[in-house]
Amino acid sequence: MGFIDETYLLDSEAAVDLYESIADLPVVDPHNHVDLAEVVDDDPWDDVWEVEGATDHYVWQHMRERGVPEEKVTGDASNREKWDALAAVFPDFAGNPTYDWVHLDLERRFGIEKPLSADTADEIWEETKRQLSEPEMRPQALLREMNVEVLCSSDDPTSRLEYHERAETEVEGVDVRPTWRPDRALKVEKPAWDEFVVELDAATETDVDDFEGFRDALAETHDYFADHGCVACDIGTGTDPVSAPVSDERAAAVYDRARRGANLDEGAVRDFKAYLLEFVGELNAEKGWVTQLHVGAVRDYRASLYERVGANAGGDVSTSDVDVVGGLDHFLDRFDGEMEVVLYTLDPTHYPDVTVLARAYPNVSVGPAWWFNDSPMGMANQLERVASVDLLANHAGMVSDSRKLVSYGSRFEMFRRTLANLVGRMVDRGRVPYDNAERLVEHVAYDRPKELYGL
């Protein structure tokens, strides 16, 4: 087996054959962090750092770990200096999926087979710079080359979706859809919550002075997203998913206190979040949207990094201290059979919880191995548990969850190879006949997400 050759991640002939059956299927990506302005404007990138490093906090984290100063990660150093700093430490990334993804990007998109290092940094910089000036390396052409069929961004309810409107006529061959993400509406304990309410007021024709107006304004944005093709809602529950019956009066009282700037105790915060989670669920169920719950992220944990660089800079962590089953019981019972729910968990110790929940509720699906787990090991462990406890055919499929457009193809390739290898092992062990295995991997890789999201 050579470096990223045709047998990459594939341990048997059955696995190779299964991967070949799904390798060229279109990419359906129901959750990512695409810069849609970049796609719609379709301007060329200037250099490989813009493509591989400028937006990727996975890359930033590992550069810091290997001693690269922040100046050459997110600071004022030139892109060439940042690229050289990355190349110098990149051999030390071996074993981490970031090492695989960047090399897959270089090989699949640029035809560069040499590993990245200090010795090859200059050659790769020059060759990629030459190619990036060509029309076929612009964002929209790359999406088509990677066979991306559906792309669902993640958007704040206050967004007016200007670039989505432009994408309808200016992006050919890719179905671009928004995803409604009301996280800021739920975070009533955060100083920025009141800023969200003010923005919501400005974005709608509804007065948010009272709680009824706030709810109506959220519903108005929900309708607006539906008019623009939205089929899903993202909610980050953090480390404390909470669902419980809460009265309109109680939620309104908390809202009024929050608007006046009063301090809220823990019970008030929990009640408000529980109420809004159910309210959002009602809106989603009415429209037939998928509700995607992201559980377990501890945001901005590294305080010094947040103060210097800001959010989404690589200072987030996960924790096992999350009550997934107890936290979601009311919500799952309330919407039992009424809408599709996809559960993403950041800590792998919660896979037993979400798989048994998916087994108990036919409308609940296990989302792909997320964030720290989207590696060959993490995906294989999760898929094997889903197959053993729930049904692999009911797995939600893959999402890129990426801010880096060029990596969509690489991330889906890693998932599909891991899936093919897992099911290929079932064939080799006599557990599944090959024809059924082939049908299964095609279903999980492509048909299942289209079916689940109604695309």
Side-chain angles (χ1 to χ4, degrees), residues 28 30-31 152 179-183 186 230-245 273-274 276-297 320 322-371 373-374 378-379 381-399 401 415 419 440 443-445 447-455:
V28 176
H31 175 71
C152 296
T179 301
W180 195 70
R181 183 152 196 168
D183 286 22
L186 277 72
C230 183
V231 295
C233 163
D234 279 333
I235 304 174
T237 68
T239 60
D240 188 24
V242 54
S243 63
K273 289 184 175 181
L276 268 196
L277 181 62
E278 186 167 349
F279 175 70
V280 167
E282 290 169 353
L283 296 178
N284 294 345
E286 182 180 335
K287 290 191 176 69
W289 287 6
V290 178
T291 299
Q292 302 181 115
L293 299 180
H294 299 260
V295 181
S320 60
V322 180
D323 184 4
V324 180
V325 174
L328 294 178
D329 56 352
H330 174 73
F331 183 84
L332 296 180
D333 279 338
R334 169 66 180 80
F335 296 104
D336 186 0
E338 293 192 18
M339 68 179 174
E340 298 291 344
V341 178
V342 177
L343 299 179
Y344 300 76
T345 55
L346 191 50
D347 192 288
T349 61
H350 298 127
Y351 290 156
D353 291 341
V354 294
T355 51
V356 294
L357 288 174
R359 179 167 171 157
Y361 294 85
N363 63 314
V364 174
S365 300
V366 178
W370 174 44
W371 203 335
N373 306 305
D374 53 0
M379 291 187 290
N381 288 345
Q382 192 217 43
L383 289 170
E384 187 166 20
R385 176 169 288 276
V386 171
S388 300
V389 177
D390 187 34
L391 291 175
L392 188 54
N394 275 21
H395 190 271
M398 179 57 176
V399 300
D401 191 36
F415 172 80
L419 173 67
L440 179 59
H443 174 77
V444 176
D447 295 328
R448 172 60 175 161
K450 290 200 72 173
E451 166 193 287
L452 179 62
Y453 289 86
L455 298 166

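The structure presented is a predicted model; accordingly, all values stated were derived computationally and were not measured.
- When side chains are defined from C-beta on, F331 counts as touching L277, because their heavy atoms get closer than 4.5 Å.
- Minimum interatomic distance between A297 and T239 (heavy atoms only, all atoms of both residues): O-CG2, 3.8 Å.
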E451/H443 under side-chain hydrogen bond (donor to acceptor under 3.5 Å, both in side chains): CA gap, chis, key distance, verdict: CA-CA 10 Å; E451 166 193 287; H443 174 77; 4.8 Å; no
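- Side-chain contact between L440 and L392 is present, with heavy atoms from C-beta onward closer than 4.5 Å.
- Contact of the K273 side chain with the P241 side chain is not registered, since no non-hydrogen atoms from C-beta on lie closer than 4.5 Å.
- Separating the CG atom in L357 from the CG atom in D329 is a distance of 9.5 Å, to the nearest 0.5 Å.
- One finds the CG atom of L293 at 8.0 Å from the CG atom of L332 (value rounded to the nearest 0.5 Å).
- For the atom pair L455 CG and C152 SG, the distance stands at 6.0 Å (nearest 0.5 Å).
- Looking at heavy atoms from C-beta onward, Y351 lies out of side-chain contact with V389 at the 4.5 angstrom threshold.
- The CG atom of N394 sits 12.0 Å away from the CZ atom of R359 when rounded to the nearest 0.5 Å.
- S243 places a side-chain N or O within donor-acceptor distance of the main-chain N or O of G327, the cut-off being under 3.5 Å.
- Looking at N373, its side chain does come within 3.5 Å of a backbone N or O of W370 through a donor-acceptor pair.
- The minimum heavy-atom distance linking G397 with P368 is given by the pair O-CB, 3.2 Å.
- Of all non-hydrogen atoms in G378 and A369, the two that sit nearest each other are O-CB, 4.0 Å.
- The side-chain heavy atoms of M398 and V28, taken from C-beta on, include no pair separated by under 4.5 Å.
- The aromatic rings of H31 and Y344 sit tilted, their planes meeting at an angle between 30° and 60°.
- Listed by chain and residue number, R334 satisfy the salt bridge (charged side-chain N to carboxylate O under 4.0 Å, His left out) test with E282 (two or more places apart in sequence, or in another chain).
- Under a 3.5 Å cut-off, the side chain of S388 and the backbone N or O of R385 do not form any donor-acceptor pair.
- In this structure, L452 and S365 have side chains that are in contact, with non-hydrogen atoms separated by less than 4.5 Å.
- Across every non-hydrogen atom of I235 and L186, the tightest pair is CG2-CD2, 4.2 Å.
- Residue E286 qualifies as open at atom CD: its count of foreign heavy atoms under 6.0 Å is 12 or below.
- With a 4.5 Å cut-off on side-chain heavy atoms, H350 and V295 do not count as touching.
- Using modelled atom types, no side-chain atom of N284 and backbone atom of V290 make a donor-acceptor pair closer than 3.5 Å.
- A pairwise comparison of heavy atoms in G367 and A396 identifies CA-CB, 4.0 Å as the closest pair.
- Checking D401 against W371 by side-chain atom types alone, no donor-acceptor pair falls below 3.5 Å.
- A side-chain donor-acceptor contact under 3.5 Å links N363 to the backbone of F335.
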side-chain contact (heavy atoms from CB on, under 4.5 Å) between V444 and F415, intermediate numbers included: CA-CA 10 Å; V444 176; F415 172 80; 4.1 Å; yes
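- The residue from L328, T355, D353 that alone fulfils the side chain to side chain contact (heavy atoms under 4.5 Å, CB included) condition with L343 is L328.
- Annotation: side chain of T179 is in contact with side chain of Q292 (closest heavy-atom distance under 4.5 Å).
- Heavy-atom minimum distance, V322 versus G296: CG2-CA, 4.2 Å.
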